[in-house]
2 protein chains.
Amino acid sequence: MDVQRLELLRELADRGSVTAVALATHRTPSAVSQQLKVLEREAGLPLTQRQGRGLVLTDAGRALARSATDVAVSLAKATALWDEFRNHASGEVSLVTFPTAGQMLLPGVIKQLGADLVLNCADEDPELSDFPAFTAEYDIVLAHSMSGQLSWAGRGLSVVPLMTEPLDVGLPVGHPLADRAWVGPRDLVGETWIGVTDGYPFERILHAIEQEAGSRLSMSQRFADLALIESFVIAGLGIALVPRYTSGGGQPGRVVLKPLRGVESERQIVALMRPDRAERLAVRTVVEALRAEAARVQQAHTAP
Amino acid sequence: MDVQRLELLRELADRGSVTAVALATHRTPSAVSQQLKVLEREAGLPLTQRQGRGLVLTDAGRALARSATDVAVSLAKATALWDEFRNHASGEVSLVTFPTAGQMLLPGVIKQLGADLVLNCADEDPELSDFPAFTAEYDIVLAHSMSGQLSWAGRGLSVVPLMTEPLDVGLPVGHPLADRAWVGPRDLVGETWIGVTDGYPFERILHAIEQEAGSRLSMSQRFADLALIESFVIAGLGIALVPRYTSGGGQPGRVVLKPLRGVESERQIVALMRPDRAERLAVRTVVEALRAEAARVQQAHTAP
DNA sequence: TGAACTCTTTAGACTAGCTACATGGACGTG
DNA sequence: CACGTCCATGTAGCTAGTCTAAAGAGTTCA
């Protein structure tokens, strides 16, 4: 029984097609197909079956793929162990982030890391994204969710919480509410809102405000990009929900933030990983740096 | 990083020499040496070092070998899983026992097992043996110890308790104590004992009796083989400690057994295994059969 | 029906790991 | 102190397993 073949099965479970697995593992589809066939012959029972022009796993195949994860985890632990003996987090780590978290955390993280650890970052628009799917492609996926609502639980992924970021109400300078210490749902009725694109997680909070205030909010625009939203707020075209630590990325200091009370208004920022990749020393080092940086950012905002 | 190579390192940790590893894995010493060299180059740090004409592991090597066990365990779990899917415990299982346990349990166990599971048994004299060492060679090692005193704990082995067997005092027919319901340490002063070979675990109990009774026991002979001891008891040459369920293997019914009170007098019979081998479905099946048979034997002795 | 896509088959090349044999220290002995 | 023995390691060549490349077979969609 061979680990490489098991790994291939696991990749197939994650990626869903032989071609995708081949692409990901730098092989030809033929090689993958052959190896899966050998595995199946060794197992003595069908692990895959054709469906249309694609290939899907049988129950047995899925079960085996799941236990292949355990193998990968213990293997990763072993390599991590010897990396620790050399104290030297080797290799490259890839990471995807949604824009605001990247802007908030990554510059500080990269400064923390040593020269022999290369961190390759990319960003993806969060509205469109199925965060867990990215774990196949990247070592670390920075994801966000509303508090409590962990949509990716129970998928067999490692989840490391990094920070909880409050979502404030962003107002233009000179707005009637701008000299208040905080605002509540009832204060916000009648305002024009700059909303987020459908499916974006902030939406839930806007709905909660409507619920509390007992009337619908008027939504003039829908954007995904925070800097764009802020520019509209600054121009006096409406108010918006804005993550507290990330605000001001575009034009610093020109949006007035007011804490929102009466509605739970915060987002969780977490790192999502495949369990085996989470064991790599290099990955663990980056995650630790992310946590440290997140704590630093949070500290910097609460201290003054 | 390759699992096979890790496995080799683990074997080296267990067996202590390249030649032994080669022998055990059906390879030439050269092949083993080459693979270890590759592993060392991959690891980037020395895993072994020469000592005299042999080879010993460095600290890093030992640590890595330990984590190799985890890999082997998860791999064994995976193969066990697919054996379960076929419901078919495949292959051969090897087992060593000390004579009395074998006589008590093995015939019943082998009857329980299906035809497609081959159980290869061997026996070893317990007095001489370092039980854990046998786990390198055999899948299952039947071992015994006095209650509580588990000499093999913490060596990273799987231990499955099978039964606790009382150790009674064996008397010849017509002995003055033969009509008593039980005997205590003070009853035994002045008797001539047939003892066990030095280092044999029963010895502890004899010492405890001496302690309780406050005088030394006179020990006329020292044997390892139970049938031999019993033949001496039957001949009226002395009395002896005899495991209750195993007694009478030679000449049934001619030794009178009396429970011993006032001194804890029992032995634990356990199955010892390497953790990875313990995961194999075939091995688990045999262990289960052993437990069932042990329970049956114990039942048969307590019911009437 | 044919174009596009996916998996599989086949044939051939390459490479990793094995054996066989030779080499070089370390230990024990006459 | 030289000799045989034991153990690990180099070297050369072979084999088996795994890859690529190219053709084939089945499915989907226009």
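We name chains A, B, ... by the order of the sequence lines, and we start the count at 1 in each one. Because only heavy atoms are used, hydrogens play no part in the values below, and waters and symmetry mates are left out as well, while side chains stay in.
Between A:Leu23 atom CG and C:dC5 atom C1' the separation is 14 Å, expressed in whole Å. Between B:Leu6 atom CG and C:dG17 atom P the separation is 13 Å, expressed in whole Å. When the C1' atom of D:dC7 is taken as reference, atom CD of B:Gln49 falls 16 Å away, rounded to whole Å. Rounded to whole Å, atom C1' of C:dG17 lies 14 Å from atom CD of A:Gln4. Rounding to whole angstrom units, CD of residue B:Glu7 and C1' of C:dG17 are separated by 17 Å. With rounding to whole Å, B:Leu57 atom CG is found 14 Å from D:dA8 atom C1'. For the pair A:Arg50 CZ and C:dC5 C1', the computed distance is 11 Å after rounding to whole Å. Remark: C1' of D:dA25 and CG of A:Leu55 are 15 Å apart, rounded to the nearest angstrom.
Checking the phosphate oxygens (OP1, OP2) of D:dT18, a side-chain nitrogen or oxygen of A:Arg5 falls inside 4.0 Å. Contact annotation: A:Thr19 side-chain N/O to C:dC5 OP1/OP2 distance is not under 4.0 Å.
Just one residue in the list B:Val141, B:Ile140, B:Asp123 forms a side chain to side chain contact (heavy atoms under 4.5 Å, CB included) with B:Thr97, and that residue is B:Asp123.
Looking only at distances, a side-chain donor or acceptor of A:Arg284 sits under 3.5 Å from a matching main-chain atom of A:Glu279. Put simply, the side chain of B:Asp139 never gets that close to the backbone of B:Leu95: no donor and acceptor are under 3.5 Å apart. A donor-acceptor pair under 3.5 Å links the side-chain atoms of A:Glu40 to the main chain of A:Thr48, judged by distance alone.
Heavy-atom distances to DNA chain D give each of A:Val38 and A:Gly52 a nearest nucleotide, and the one nearer the 5′ end belongs to A:Val38.
Against DNA chain D, the stretch residues 26-37 of chain B makes heavy-atom approaches under 4.0 Å through B:Pro29, B:Ser30, B:Ser33, B:Gln34, B:Lys37.
Side-chain contact annotation: A:Arg15 with A:Thr25, donor-acceptor N/O pair under 3.5 Å absent.
In plain terms, the two heavy atoms of A:Tyr138 and A:Arg277 that are nearest each other are O-NH1, 3.2 Å.
The CG atom of A:Leu47 lies 9.5 Å from the CZ atom of B:Phe85; values are rounded to the nearest 0.5 Å.
Nearest nucleotide to the side chain of B:Arg53, out of D:dC7, D:dT27, D:dA8: D:dC7.
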